[in-house]
Structure formats: structure tokens, C-alpha cells
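Structure, as C-alpha cells:
In what follows, every chain begins at residue 1, and chains take the letters A, B, ... in the order their sequences are listed. FYI, side chains are in, hydrogens and waters are out, and symmetry mates aren't considered; it's all heavy atoms of this structure. Computed from a prediction, not measured in an experiment: that's the story for all the values here.
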Amino acid sequence: MGRQTLDHLDALESQSIFIFREAFNRIEDLAMLWSLGKDSNAMLWMVRKAFFGHVPFPLIHIDTHYKIPEMIAFRDQLAKDWNLNLIVGSNDKALAEGMGPDKGRVNCCTALKTNGLKKVVAEGGYKGLIAGIRRDEEGTRAKERVFSPRGENAAWDYRDQPPEFWEQFNTDIPPETSLRIHPLLHWTEIDIWRYIAREGIPVPDLYFAKDGKRYRSLGCAPCTGSIESTASNVQEVIAELEATRVPERAGRAQDQESEDAFERLRVEGYM
Amino acid sequence: MGTITKLHADRQPLKITFVGHVDHGKSTLVGRLLHELNALPEGKVEAIQAQCKKRGMPFEWAFLMDALQAERDQGITIDTARIWFSTDQRDYVIIDAPGHKEFLKNMVTGAAGSDAAILTIDAHEGVQEQTRRHGYLLHLLGVKQVVAVVNKMDLVDYSEERFNEVSAELEDYLGKLGVTPDFIIPASGREGDNIAKWSENLSWYDGPTVAQSLDMFADGATAEDLPLRFPIQDVYKFDQRRIIAGRIESGTLKVGDVLNFSPTGKSARVSSIEAWPENAVVSTACPGQSVGITLDEQIFVERGQMAAPVDQTPIETNLVKARVFWMGSNPLKIGNRYKLKLNTTEVSAEVVKIEKVIDATNLSTTEGDEVTQNSAAEVVLRARSVIAFDDYAEHPDTGRFVLVEDYTIVGGGIVVANKSQVEIKSKNITAVEHKVSAESRTAMNSHTGGVLWLTGLSGSGKSTLAIELEKQLHLRGFQTYVLDGDNVRSGLNKDLGFSPEDRNENIRRIGEVANLFADAGFIVISAFISPYQEDRDGVRAIKPDLFHEVYIEADVPTCEARDPKGLYKKARAGKIPEFTGISAPYEAPVNPELVVPTSKQTVGESLEFLTRYVDETFVADGKSKKTA
Ligand SMILES: Nc1nc2c(ncn2[C@@H]2O[C@H](COP(=O)(O)OP(=O)(O)OP(=O)(O)O)[C@@H](O)[C@H]2O)c(=O)[nH]1
Ligand SMILES: [Mg+2]
């Protein structure tokens with residue numbers, strides 16, 4: 001029998017599965033954020049691999065009511081096809097009071113996404129939230145832990161993160177605090193696409209070019225710009241990414257509002 | 001953070017950590033290196049320019065990695081950050097570690113698990129405290145490939161003499177650790193000398209540039225030539241399969257292999273390697289792979305056990321001799337207890353000996369009974385229960401652990417010299433002045449005492465489960481004892497027969513003895529048919545808080561079919577009068593604490609059920625299920 005080693009994608013996948021299983025074993029009230037984007041879908045696929053076809057915790061989608069309609073259609077279809085335990089949350093109070101990007105993009109994100117999330121989490125009593133962020137996306141995410149303790153009110157104390165090494169994660173936490181679990185930190189954007197291609201994972205059509213434009217990152221309609229592109233399928237997207245030097249979140253308006261806009265969002269409990 | 005990753009999908013990226021004393025230019029070097037390799041995203045340099053201008057300061061390459069406002073404002077790296085890039089040869093993950101002493105835990109977070117390190121030294125300042133400490137940590141964390149960069153050569157007029165001085169000092173220190181840098185490169189991150197382009201200013205140097213040296217590191221090691229180590233992460237029963245999940249740390253695992261599970265010593269054969277989607281099923285798995293297997297026998301398996309080949313098992317002991325690195329703000333002291341986490345094992349461990357304390361900045365060793373923050377030491381730990389692990393030198397992935405105090409990791413350790421380990425006598429003798437309280441027994445045992453009163457028909461599985469459970473609990477360091485017919489009828493109750501009164505008295509006495517044991521801190525497992533609710537209630541009444549009625553549930557037909565001792569046959573033939581279930585009644589428990597349906601599950605599953613109940617119920621820290 002020949003020697004066998006893991007290739008790059010296998011190694012990334014195995015690592016993520018290890019993290020899902022640690023989280024599932026160590027944390028009683030666990031849920032996963034499902035943003036419907038490529039990363040979340042790749043993550044969901046790996047959950048099914050980790051648990052042999054099962055998804056043993058609920059998925060939370062925060063509906064800001066500003067999402068691109070195709071995303072909601074995609075969500076409902078997959079939830080049905082894969083028989084998912086889906087919890088849709090939203091900050092109805094803020095919406096009723098007219099919150100929207102015109103009140104400031106960072107304010108809007110905090111109200112509709114961060115606070116919408118906090119509400120669902122409080123209702124469900126979740127101690128651990130799995131989120132599909134990656135270190136290569138952005139400077140503060142580059143500094144994240146895999147198991148990231150969050151203080152009261154989900155705040156991130158980035159100045160004093162606990163050590164995390166040899167894959168011994170901080171799974172025990174004081175009462176009144178919670179954990180964010182980040183199983184995709186070690187993946188890059190192109191890794192995700194190559195994995196989607198290899199595994200045949202469904203993603204919303206918005207990622208593929210129509211009339212010379214496509215979305216590289218999916219968020220809310222008013223704050224997410226599309227890019228010029230002719231990439232109309234997964235392989236073409238990969239080829240495009242191999243050649244580009246434009247960063248992934250360039251189309252996300254809320255990040256660009258000021259130098260520390262994203263850092264402030266994240267300290268408050270944004271993903 | 002993202003840059004361009006190219007095309008080496010067949011190989012895993014090499015992880016390189018930049019370490020060294022505070023302000024010696026690590027982040028600057030990383031920023032400059034990526035820029036020169038044309039690996040920065042579009043607009044990044046312009047963004048940094050604008051951010052520096054806003055602060056009224058000259059251009060800082062360090063801003064690429066130092067993304068937090070606090071880092072930029074103070075000009076210091078607080079936490080480790082990662083960035084990806086590729087050369088024609090391979091993909092890289094660059095990890096930029098902080099140099100400030102206060103953030104050493106973050107440096108460890110970054111450096112552990114790296115394939116190589118770049119140790120950066122300021123040419124002007126030379127070797128400093130964290131240069132040395134980081135050097136020591138690389139050695140302890142097992143990062144063997146090191147390149148040193150003597151940075152800021154512009155500050156010393158590119159002097160070859162100064163470079164030689166710094167190099168000599170560095171080599172002298174690293175030499176004591178047995179670390180030899182592959183290269184020592186003179187460079188200037190800020191000016192761009194010898195980063196990706198050979199520099200005229202350093203014409204006396206003819207070695208590789210920093211960029212070239214990266215491509216010269218060897219690939220990360222794989223552990224497939226070592227014997228199999230498969231620490232159990234979890235056991236899943238989502239469907240009819242009982243899947244044992246975990247990640248292979250070393251060696252290979254094949255369908256048909258016979259595995260030994262440490263520390264129970266049970267073994268079974270791998271029936272399948274399960275996977276989803278089903279078309280992904282394989283028959284062999286290699287190191288680093290997260291898998292799930294099924295076994296041909298339903299033996300008792302749980303998280304924390306380690307599977308290995310039967311002839312190449314790991315070390316099994318409760319004494320761990322190790323070299324530790326201490327990050328806790330409270331010192332490590334003899335007699336202190338920490339949670340020890342090794343692979344998927346978690347166990348409480350006491351520091352029984354500090355053999356020597358090592359100053360990681362000069363390698364001097366002293367005797368002492370405490371280890372302060374940022375120091376290292378050789379210690380002996382005694383775990384509450386027997387655990388399985390390896391000698392780090394032979395088997396790194398299963399020979400290292402962390403210590404946890406109050407929710408956070410406070411130390412890392414590697415196992416040393418276990419083969420020649422000597423037995424250490426306990427120093428932990430508590431002076432008994434007054435009566436020993438239940439609390440102090442609980443603290444000493446790390447669990448509370450109690451009575452698990454197994455009741456059920458003959459053949460329902462009471463004795464089998466009692467004995468197996470005792471063994472499991474003992475292995476995990478529980479104080480436990482089985483009371484059954486064998487050890488009670490021959491002594492304590494040898495004056496009793498089988499008349500109804502004698503049966504009552506039999507149970508009453510057993511109940512009293514069980515409660516004495518429980519009071520002494522033991523978990524007593526009793527295995528008697530005890531058919532009458534009234535008798536059981538009588539035992540419960542002695543100390544209701546300590547009593548756990550466990551119904552070992554199997555109906556008469558099931559037990560009769562099993563009939564291990566042929567008793568049912570004899571009873572049917574009328575040879576045993578008043579046989580419970582046949583010619584005498586059995587009153588099933590009305591409100592038991594636990595029901596174990598042995599007709600519906602295997603011994604292994606029932607055992608799992610019982611151990612979980614014990615784990616959850618007899619917890620030392622106050623609120624057990626029972627008293628809550
Ligand atoms: N003259 C000169 N200055 C440099 C050079 N490299 C870095 N510096 C300066 O040294 C200071 C510290 O650089 P950093 O890159 O932040 O140092 P660091 O090692 O990452 O520091 P910490 O991460 O906080 O430990 C900055 O002001 C840099 O501009 C160099 O080659 N020459
Ligand atoms: Mg730095």
C-alpha cells in the first residue's frame with residue numbers, strides 16, 4: 001500500500017472537523033451562525049462531514065431585512081433540502097424605529113446584526129456560537145483565537161486574549177460569559193473556493209457574474225457592492241482570484257467608514 | 001490577513017513565526033518582505049500611508065500586521081497575527097509574534113505549531129532578554145528550524161564588525177540550547193536591505209536574503225512513521241452506528257487493525273472507517289485526519305482514551321515528569337492542583353516536585369519550590385488517575401500538555417524521560433487535628449461519596465456492571481468499592497439465611513455498611529437483587545442525600561434467556577424455592593435515580609451511561625445533580 005498524506009484541502013478540512021467536534025463535546029448550548037455566504041456553506045458542509053450527515057445544533061441566521069432577496073430564497077431552499085434546524089432572528093424593534101444604513105453604516109450593523117444576534121442568543125441561552133470568519137479577511141480577524149472567550153454582553157477583549165496552542169482550546173468559561181468558535185480561521189478565500197469546487201457545495205448564484213458583475217462577498221444589499229467580473233462558475237471564480245490583488249472585503253462599505261470602523265464593530269460583538 | 005495565494009494546493013503551507021525582542025523590527029520585516037515579494041493586496045500601501053500621515057508619523061511597515069488601534073497608537077504588537085503568501089516554490093503562513101514580555105502568552109500562541117522561525121535582533125541593541133527567552137521557547141515548543149536576522153543594520157552603518165559581534169553572542173546562547181540557526185542574515189527592514197534583494201550596503205555578506213532563506217526551510221514533518229496514536233474525541237450515536245471519533249496524531253489506521261484503548265486495556269478490531277458522504281469511505285487513514293471508526297466489539301470507549309497498536313502502546317501512569325513553561329500570574333507551587341489537558345484527556349494533577357527552576361533568559365538553574373511567570377522548570381505532576389501519553393522526544397504530538405487554572409491556560413509542558421521515571425512518595429500528608437470533614441474528604445478525592453444501589457433480577461447484569469464500573473472509576477482515580485454477595489455473605493452476614501426476616505436484615509446491614517463507606521468518601525456500588533421497595537426505601541432513609549437507586553432493567557424472559565448460572569432452569573424445575581421473578585415477586589423501583597435498560601443496550605453502552613451519571617453526579621465542586 002502506498003504512503004498516504006493529506007493534501008492541503010484535506011488538512012484544512014480535518015482541522016475544522018476537529019474544532020467542530022471539540023465544540024460539540026465541550027459546549028452544551030451550541031449554535032452556528034449561517035450567513036448564507038460561501039464560507040458558511042462550506043462550514044455547514046464540514047459539519048455534516050464531522051457528524052456523519054447530521055447537523056447536531058441549530059443554525060442561526062440574522063435577517064437584517066436588507067439582505068439581497070436571492071439569499072433568502074437560497075436559505076429557505078437549503079433548509080428544506082437538508083432538513084436544517086434553522087432559527088431566524090432579527091432586531092424588530094430597531095427596524096420598527098426605522099434603523100437603516102442611512103443612520104450610519106456602523107450603527108446599522110451594530111443594531112441589526114450585532115444586537116439582532118445578541119437577542120437570539122439571549123433567547124436561546126447559547127453559550128457557544130460558531131462563526132465562519134477567516135484570518136485572511138481583515139486585520140483584527142487575523143488576531144483571533146479559535147475558541148474566543150467573550151465577556152458579558154459578548155464583548156471581545158482583544159488586548160488580553162488567553163493563550164491557545166497545541167490545539168488545547170479554552171473550552172471552560174466563567175458563568176455569564178460565552179465563546180465564539182471559529183473553525184475556518186486557518187482557511188483563505190481561495191481555499192474556500194477550491195473546496196467548494198472539489199466538494200460540489202451549493203452557493204447562491206450571486207457569486208457568479210451576470211451582465212459583467214458578480215458579488216465577491218455577500219452582505220446587506222445597500223452596503224455590499226458587486227465587482228466587475230466575467231466569472232460565471234466556480235472554476236472561473238478561482239481563476240479570477242488567482243490573478244487578482246484586490247482584497248475580498250473591498251466591496252463592504254461598513255469596513256471603510258473609518259480606519260477602526262471594523263475593529264469597533266467587532267469589539268461590540270460583531271462576527 | 002489576505003494577500004495572494006497561488007497554486008500549491010498539493011502541499012500544506014509552511015508556517016513561519018517571526019520572534020525576537022520588543023521593537024527589534026519583526027512586524028516591519030514582515031510588512032517589507034511581503035511588499036517586496038509583491039504579495040500585498042491592492043491599495044494596502046496607500047492605506048498605511050494615509051494612516052501614518054493621520055498620526056503625523058513616517059511610513060511604518062509594521063502597520064500591515066499591527067492592525068489594532070492600540071497597537072498602532074503605541075507602536076507595539078499586542079497579539080499574534082497571520083498573513084498568507086506564496087513564492088514560486090510554496091505557500092506560506094507568516095505569523096508575526098509580539099516581542100513585549102507582557103505578551104509572551106501571545107508569542108507562545110503564535111510560535112507553537114510553527115514549522116520554522118525567524119529570530120529578529122536589532123543590530124544596535126544586540127541580544128536582549130526576549131531574544132533569549134524566545135530562543136528558549138522555540139527550543140521548548142519544538143520549533144527546530146531557525147534563521148536569525150540581524151536587523152536595523154542601517155543604524156550601525158552596515159558594519160560587518162558589529163554584525164559579527166551580535167552573531168557571536170547569539171550563537172553562543174542558542175548553542176547552549178542545541179539550536180543552530182540555518183543562517184544569520186544582516187538586513188534592514190526599513191531600508192529594504194537583504195529582504196528580497198541583495199544589498200550593495202552589505203556587500204561583505206554573501207549568504208541568502210531573508211526571502212531566499214524562507215524557500216530553503218525544509219517542509220513540515222509528518223508523523224506517519226511513528227506508531228498509531230488515536231486519542232478519542234467523542235462517541236456518536238446519531239443513528240444505529242456507534243462511531244468513535246477522533247483525529248489521528250501519528251501512524252496510520254486501517255480497517256482490520258486491532259487497537260488497544262489506554263488506559264482501560266480493552267481491545268477491539270476496527271470494522272470500518274465511517275464517512276459522509278458515503279462515497280467518501282476509505283479503508284486507511286493517516287496522521288492529521290479526523291475520522292470516525294466502528295469496532296467489532298462494543299467495548300467501553302470514551303473521550304480521553306487513546307487507541308494504539310496492541311504491541312506499541314503509550315506510557316500509562318499517573319506520574320508525569322515534564323519540562324514546563326509557566327505563564328500564570330500566580331506562581332506554580334508544590335502542592336498546587338491544576339487541570340492537565342493532554343490530547344483529549346483532562347485530569348486534575350498536583351505538583352509533587354519541582355526538580356529545578358530554569359531562568360529562560362540565561363539558562364541558569366536553581367532549586368526552588370515555586371515557578372514564577374515566564375520561567376521554566378522541571379517538575380513532577382501526579383494526576384488523579386492513570387493517563388496515557390508518550391515521551392515528547394519520541395512522540396511530540398502525544399507528549400505535550402497544558403495546565404489550566406481558573407479557566408485559562410497558565411502553562412505548557414513537554415513530557416521528559418518517562419522510561420527512567422522513579423516512583424515518588426507522596427508528600428501530601430494532611431495533618432489531622434480534629435475530625436476530618438466530609439468537605440475535606442471530597443476535596444482530597446475530587447469527588448463526593450455516595451451509594452449506587454443497583455437493583456434488578458438475577459441475570460439482569462448487576463454484578464457485571466458493578467465490577468466493570470468499579471474498574472473504570474478506579475482507573476479515573478475515584479475511590480470506589482463493590483459490595484456484593486461474595487464479600488458480604490461470607491463474613492458480615494454469615495449468620496443470616498434466606499428467610500424473609502433474614503433477607504430484610506441482610507439488606508439492612510448492607511445498607512448500613514454502604515453508608516459508612518459513602519460517609520468515608522467512597523462511591524459504593526452494591527449489586528443485590530433487593531426485590532422489595534420497602535427494603536430499598538429503608539436503605540435510602542439512612543442518608544437520603546447519598547442514596548442513588550439504579551434500576552438494572554431487564555425483564556424475566558430476557559434474564560431467563562441469559563441464565564448465566566443456570567438458576568432460572570433450577571427455579572423452573574422447582575429446585576430453588578422463592579426465586580425472585582419465578583416464585584417470588586420483584587418490585588421494580590417506583591422512582592429510581594437512574595434506569596439502565598440492559599436488554600436494549602450492550603454492556604459497553606450501559607457502562608458509558610453509568611460513568612456519565614457518576615461524572616455528572618459526584619462532582620466535587622458543590623452542586624451535584626442530587627443535591628441541586
Ligand atoms: N532604522 C531602522 N528602524 C527600523 C528597522 N526595522 C524596524 N525599525 C523601526 O523599529 C520600530 C519597531 O519596529 P516593529 O516592526 O514594530 O518592531 P517589532 O519587533 O514588531 O515590535 P513588537 O512586535 O512590539 O515586539 C519601528 O519604529 C520601526 O520603524 C530597520 O531596519 N531600521
Ligand atoms: Mg511587531
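- A:R245 contributes a side-chain N or O that, together with a main-chain N or O of B:L40, makes up a donor-acceptor pair within less than 3.5 Å.
- The two residues A:D172 and B:E346 come nearest to each other via the heavy atoms OD2-OE1, 4.4 Å.
- Neither the backbone nor the side chain of B:D96 comes within contact range of chain A; no heavy atom of the residue lies under 4.5 Å from a heavy atom of that chain.
- B:T109 places a side-chain N or O within 3.5 Å of a backbone atom of A:E164 that can act as its donor or acceptor partner.
- Of the atoms belonging to B:A245, heavy atoms from both backbone and side chain fall under 4.5 Å from chain A.
- Salt bridge B:E71/A:K143: present, at least one basic N to carboxylate O contact under 4.0 Å.
- Minimum interatomic distance between A:L6 and B:P287 (heavy atoms only, all atoms of both residues): CD1-O, 3.7 Å.
- Judged by distance alone, the side chains of B:Q69 and A:D260 never bring a donor and an acceptor atom under 3.5 Å apart.
- When each of B:I243, B:V410, B:I78 is scored by its heavy-atom pairs under 4.5 Å with chain A, the top score falls to B:I243.
- Counting only heavy atoms from C-beta outward, the side chains of B:D397 and A:E167 never approach each other to under 4.5 Å.
- Between B:S290 and A:F18 the shortest heavy-atom distance is OG-N, 3.6 Å.
- For A:R26, the part lying near chain B is the side chain, with the backbone staying farther off; criterion is any non-hydrogen pair under 4.5 Å.
- Between A:W166 and B:G413, the closest heavy-atom pair is CZ3-O, 3.5 Å.
- Using modelled atom types, no side-chain atom of B:K341 and backbone atom of A:Q168 make a donor-acceptor pair closer than 3.5 Å.
- Among the candidates B:V404, B:D406, B:T344, B:V291, the residue making the largest number of heavy-atom pairs closer than 4.5 Å to chain A is B:V291.
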(request) List the steps, then state whether salt bridge (charged side-chain N to carboxylate O under 4.0 Å, His left out) holds for B:R303 with A:E22. (result) CA-CA 10 Å; B:R303 180 180 168 93; A:E22 284 300 287; 3.0 Å; yes
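- Residue B:E278 does not touch chain A at all, counting heavy-atom pairs closer than 4.5 Å.
- Ring planes of B:Y236 and A:F51: perpendicular class, angle over 60° (limits at 30 and 60°).
- Only the backbone of A:L185 comes within less than 4.5 Å of a heavy atom of chain B; no side-chain atom from C-beta onward does.
- At a 4.5 Å heavy-atom cutoff, A:Y195 makes no contact with chain B through either its backbone or its side chain.
- Annotation: maximal heavy-atom pairing with chain A below 4.5 Å, among B:R241, B:Q51, B:M107, B:K339, occurs at B:Q51.
- In this structure, the portion of B:T80 lying under 4.5 Å from any heavy atom of chain A is its backbone and not its side chain.
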